[in-house]
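All figures in this text were calculated on a predicted structure; none of them were measured in a lab. Numbers here are sequence positions counted from 1.
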Amino acid sequence: MKKRKNEKKTLRKGIVIVSMATILILFQSGNVHAAGSSENMKTPVIITEIVADTDNVNGADAWEYVELYNTSNQIIQLNQYELIYNGDIWSPDQSGITIEPGKTVVLWIINDGNKDCTAEEFNTYYGTNLEMGRNLATIHSGGLHNS
C-alpha cells in the first residue's frame, strides 16, 4: 500500500507497529492447537501492515488500517478467521470478503470521528484505488492504541 511521505510520522508509525505486533493476533476459526501439538499452526493469512496514529478527523485517527496478505495459492474466506486486538474480536462489516492468492485486503478502522469518511477519501489520502467489499473492508472499533 502506498504511504504518504513524512519521515517523522513514518518513524513514529514504525515504533507503534513494533509495539502493537504483540497484541494483534490473527486466528483461523476452529484451527488453534495446543502448544506441543503435532498439528502445524501456520496460517496462510499474515498481517503485513499496521498503520496507527494517523491524521485526525473530528478528533480521532481517521486513516488507521491493518493489511492482510494471502500467502497461499487458494482463495481465502476472511470469515474463517478472527482478528483479535486487546481481547476484542474484530470482524469486517462487509460479508463475503475474500483474499485472492498473493493479494491483500485492507481493514480500515472506523471510529466515532471518521464514521462519515468514504472509501474515496481513504483512497485519496493514501493514493490508492481500493474497492470497498473487494480489497477494502471496514471494522468498527475505538481504534488502535497510539503508544
Quiz item: If you round to the nearest 0.5 Å, how far is OH of Tyr69 from CD1 of Ile47?
Solution: 15.0 Å

Practice problem: Verify whether one side chain among Glu82 and Ser91 offers a donor that lies under 3.5 Å from an acceptor in the other. | Solution: no

Quiz item: Within a reach of under 6.0 Å around CD of Glu120, are more than 12 heavy atoms found that belong to other residues, nucleotides or ligands?
Solution: no

Self-check item: Residues in side chain to side chain contact (heavy atoms under 4.5 Å, CB included) contact with Asp61, at least two apart in sequence or another chain
Solution: Asp53, Thr54, Asn56, Glu64, Asn146

Quiz item: Is a side-chain donor or acceptor of Asn114 paired with a backbone partner of Ile109 at a separation under 3.5 angstrom?
Solution: yes

Quiz item: Ion pair present between Arg134 and Glu131, side-chain N to carboxylate O less than 4.0 angstrom?
Solution: yes

Quiz item: CG of Leu136 to OG1 of Thr128: how many Å apart, nearest 0.5 Å?
Solution: 7.5 Å

Quiz prompt | Thr98 versus Val105, closest heavy-atom pair with distance | solution = O-CG2, 3.6 Å

Quiz item: Do you know the tightest heavy-atom contact between Trp63 and Tyr126?
Solution: O-OH, 2.7 Å

Self-check item: Backbone of Lys103 reached by a side-chain donor or acceptor of Asn70 within 3.5 Å
Solution: no

Quiz item: What do you reckon, is CG of Asp93 surrounded by more than 12 foreign heavy atoms closer than 6.0 Å?
Solution: yes

Quiz item: What's the spacing between Asp112 CG and Asn58 CG if we round to 0.5 Å?
Solution: 9.5 Å

Exercise. Could you tell me whether the side chain of Asn111 and the main chain of Gly143 form a donor-acceptor pair under 3.5 Å?
Key: no

Self-check item: Parallel, tilted or perpendicular: ring planes of His145 versus Tyr85, cut at 30 and 60 degrees
Solution: tilted

Quiz item: Are Asp88 and Ser141 close enough, and set up right, to give a side-chain contact (heavy atoms from CB on, under 4.5 Å), and what steps lead you there?
Solution: CA-CA 9 Å; Asp88 295 327; Ser141 167; over 6 Å; no

Practice problem: Among Ile75, Ile76, Thr71, find the residue that satisfies the side-chain contact (heavy atoms from CB on, under 4.5 Å) test when tested with Pro101. | Solution: Ile75

